[in-house]
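These notes concern the structure reproduced below.
Please read all numbers here as calculations on a predicted model, not as lab measurements. Throughout, a chain's letter reflects where its sequence line sits, starting with A, and its residues are numbered from 1.
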Number of protein chains: 2
Amino acid sequence: MTDTAPRPTLEAVAERAGVSRATVSRVVNGAQGVRDALAERVRRAVEELGYVPNQAARSLVTRRHDAVAVVAAEPETRVFADPYFAQQLRGISKELTAHDSQLVLLLTEGREDHARVGRYLAGGHVDGALVFSLHLDDPLPGLVRGAGLPTVFGGRPGWDEGRDDVVYVDSDNRGGARDAVRHLVGLGRTRVAHITGPLDQTSAADRLAGFHDVRPDADAGLVAGGDFTSGGGERAMRELLDRRPDLDAVFAANDLTAAGALRVLRERGRRVPDDVAVVGFDDMLPVAEETDPPLTTVRQDIEGMGRLMARLLLRGLERDARPGRDAGAPAEAPSGTILPTTLVRRASA
Amino acid sequence: MTDTAPRPTLEAVAERAGVSRATVSRVVNGAQGVRDALAERVRRAVEELGYVPNQAARSLVTRRHDAVAVVAAEPETRVFADPYFAQQLRGISKELTAHDSQLVLLLTEGREDHARVGRYLAGGHVDGALVFSLHLDDPLPGLVRGAGLPTVFGGRPGWDEGRDDVVYVDSDNRGGARDAVRHLVGLGRTRVAHITGPLDQTSAADRLAGFHDVRPDADAGLVAGGDFTSGGGERAMRELLDRRPDLDAVFAANDLTAAGALRVLRERGRRVPDDVAVVGFDDMLPVAEETDPPLTTVRQDIEGMGRLMARLLLRGLERDARPGRDAGAPAEAPSGTILPTTLVRRASA
DNA sequence: GACGGTGGCGAGAGCGCTCTCTCCCGTCCT
DNA sequence: AGGACGGGAGAGAGCGCTCTCGCCACCGTC
């Protein structure tokens, strides 16, 4: 069954409606300057024939694709370790849908894939790219720049700090971390520890920076390295307890880390929050709600980040499409857009 | 910066290499019948010019797109509630990449989106579709059939049971459930309860069926309705304990449900697994590992499902492309492919 | 040495669409 | 009433590629 039926072309519609191809094209693309009577006839013909424009033919001449690539390094990030990326995708998808754009997903597994992605992007299959680049030394951003495609990054890229032609969207990791630590301090805690994430990711580095903003004189013994996993959280928590048995609060770089820390604290007989208060980051569900006790944490609007990324890109594309076709980075928009975070209070702090 | 540079065309390469367009095309597409010397000259020209074929132009004539749509109903399924879908995507992506196909992600939010998706699929933008349709009354499958596109479903579709032109991949929900319940029985438990998932999803229905396979005479009081969430698990567990305080085992339809049940059991002072043994389903990480006690559960190869779906689809496409162009469902492959599950023993049973 | 065969290459015709340019006809102005 | 004007519609030229033909040179055959 199926595609043997040749799909109707513009030509066929034109013939049926008794007009020229140009007129059908005008109607289909919602252009002005077609008398209502004719337009109606065309619309009916389209309906009857079940005509759907051939995107390939259209792209060939317009050079637009109504498609956007989403590029993500798959294994090395937490991208698939939690619903984080999925939620961003959701936001992106909603926004793209609203603009009739398609979402082409490019997942890279490793170095070998980079060439493929570069080729694809350079191949002019998409109008723009949304790139998730969480690592400092990620080659992806370079590739994308090379492809000369309008691009918006997800998460602050670690390289070229000062450049303002780099558009990215991030949540306020540093500010959120400050809020978390201030909350602990506000609780009267004086020996606040921090378990970091992998510091080659800007989100982890920024959270550490936020910690230091509030505790500039923190004993180095109060900072332990984690890796955004609960196993890492356990390890770091043990380390901290050994070094500083007197600690009375922990700010964990994310919820998974906090969950691991919580387990170790219980195992060592510390009561949470009485003896040690714990704050996480992400408000990753269901983990944050189901720890024991439920986790006080910093929530970020992940879906909102996705939406915003897409919106910035699309806006840039629209701008480019219009007058002085000089394309490039979707400027004008604030080059780095930081979304606020909110502290969610549960039982752990 | 950027795309102002006109990308080189076949023509340009041909001119530079001093051959015809046809020859360049042959070389680029790896066809036979070009003498090595010439081919080499062409390759060099391609290299020098940085030529990348224009996919739109190519599709226009070949009617192939080297792209596959992945369609998923986003809100109503657990698709984004856990990393389940993400893992399938990962598997799909790997397989598609290996075949040089792109992944176009179509997320639907509700009814309004169906028309859009239908139009897109019918619009001949992609060579085939992978559809996740977990609900009995999902209109998506109908749409896809209407579009006349080769399609593979993820999860057993609830409708048209007997049809063998429907290709789908699912894990062995029923068999896995049987294993789980048998395990509990093997532990000497005699009053085994089951918390179901939403029964309009085939996976939940199949797991219930598996439960009944092993416990055909189970008291109806031993079955409570859940919804694949931990909240639902809590509610159902309370209900079960009220109705049958003597129960000594619970098979939960998924891990989240089991996590909820575990919490209620603890709250009610039942020891797990001593008083009540608990088995989940999915081996959803990190949840399954981080419950207290860690969860015995049924693992399914989720990424493998994704890979297999993609593989079946691509195989079907290849077949169609060849001789009697009669397209349609990628037949020949077993129409329903069921992947095995394995029981993962942890502390809860 | 003339013949058919074969394999390498080029010419050219589209694929389905958009978009400019031109033509035509109705309207308004004088 | 005649001419200038303008808006609506059609003709036609591509967009960059693939693929079928047909040409030509070169091989082997008798």
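Judged by distance alone, with hydrogens and angles left aside, B:R26 brings no side-chain donor or acceptor close enough to the base of C:dG8 to form a pair under 3.5 Å.
Taking all atoms of both residues into account, the shortest heavy-atom contact from B:A14 to B:R21 is CB-N, 3.8 Å. For the residue pair B:L314 and B:S101, the shortest heavy atom distance occurs at CD2-OG, 4.1 Å.
Separation of atoms CG (A:L10) and CG (A:N54) is listed at 9.5 Å; rounding is to 0.5 Å.
Of the candidates C:dG10, C:dT18, D:dT18, the closest approach to any side-chain atom of B:T62 belongs to D:dT18. Comparing D:dT18, C:dC9, D:dG8 by their nearest atom to the side chain of B:L10 picks out D:dT18. Here the side chain of B:R21 is nearest to one of D:dT18, D:dA13, D:dA9, namely D:dT18. In the set C:dC17, D:dC17, D:dA11, the nucleotide with an atom closest to the side chain of A:S20 is D:dA11. Of the listed nucleotides (C:dG10, C:dC15, D:dG10), C:dC15 has the atom at the smallest distance from the side chain of B:L60. With D:dT18, C:dC9, D:dA9 as the candidates, the nucleotide lying closest to the side chain of B:R35 is C:dC9.
In this structure, the side chain of A:T108 does not engage the main chain of A:D113 through any donor-acceptor pair within 3.5 Å. B:H99 places a side-chain N or O within donor-acceptor distance of the main-chain N or O of B:E95, the cut-off being under 3.5 Å. Although no hydrogens or angles enter the test, the distance criterion places a donor-acceptor pair under 3.5 Å between the side chain of B:D170 and the main chain of B:R156. Without hydrogens or angle criteria, B:S59 side chain to B:Q55 main chain gives a donor-acceptor distance under 3.5 Å.
For B:R63 and C:dG16, the shortest distance from a side-chain N or O to OP1 or OP2 is below 4.0 Å. Using a 4.0 Å cut-off, no side-chain N or O of B:S25 falls inside it from OP1 or OP2 of D:dC17. One finds no side-chain N or O of B:T23 lying less than 4.0 angstrom from the OP1 or OP2 phosphate oxygen of C:dC9.
The side chain to side chain contact (heavy atoms under 4.5 Å, CB included) test with B:V68 is passed by exactly one of B:V126, B:L103, B:L313: B:L313. Each of A:F132, A:Y168, A:F153 was scored for a side chain to side chain contact (heavy atoms under 4.5 Å, CB included) with A:M309, with one residue passing: A:F132.
Residues B:V61 and B:L38 both approach DNA chain C. Their nearest nucleotides, taken by heavy-atom distance, put B:L38 toward the 5′ side.
Distance B:E11 CD to C:dG12 P: 13 Å, rounded to the nearest Å. Distance B:H65 NE2 to D:dG16 P: 18 Å, rounded to the nearest Å. Rounded to whole Å, atom P of C:dT6 lies 18 Å from atom CD of B:Q32. Distance, B:E15 CD to C:dC9 P: 19 Å, rounded to whole Å. Distance B:D36 CG to C:dG7 C1': 14 Å, rounded to the nearest Å.
Each end of the helix from C:dG5-D:dC26 to C:dT30-D:dA1 gets its own axis, taken as the rotation carrying the C1' atoms of four end pairs onto the next four within a five-pair window, and the two axes meet at 50° to the nearest 10 degrees.
Remark: B:R44 does not engage B:E47 in a salt bridge, criterion side-chain N to carboxylate O under 4.0 Å.
The stretch residues 40-57 of chain A touches DNA chain C through A:Y51, A:P53, A:N54, A:A57, each having a heavy atom within less than 4.0 Å of the strand.
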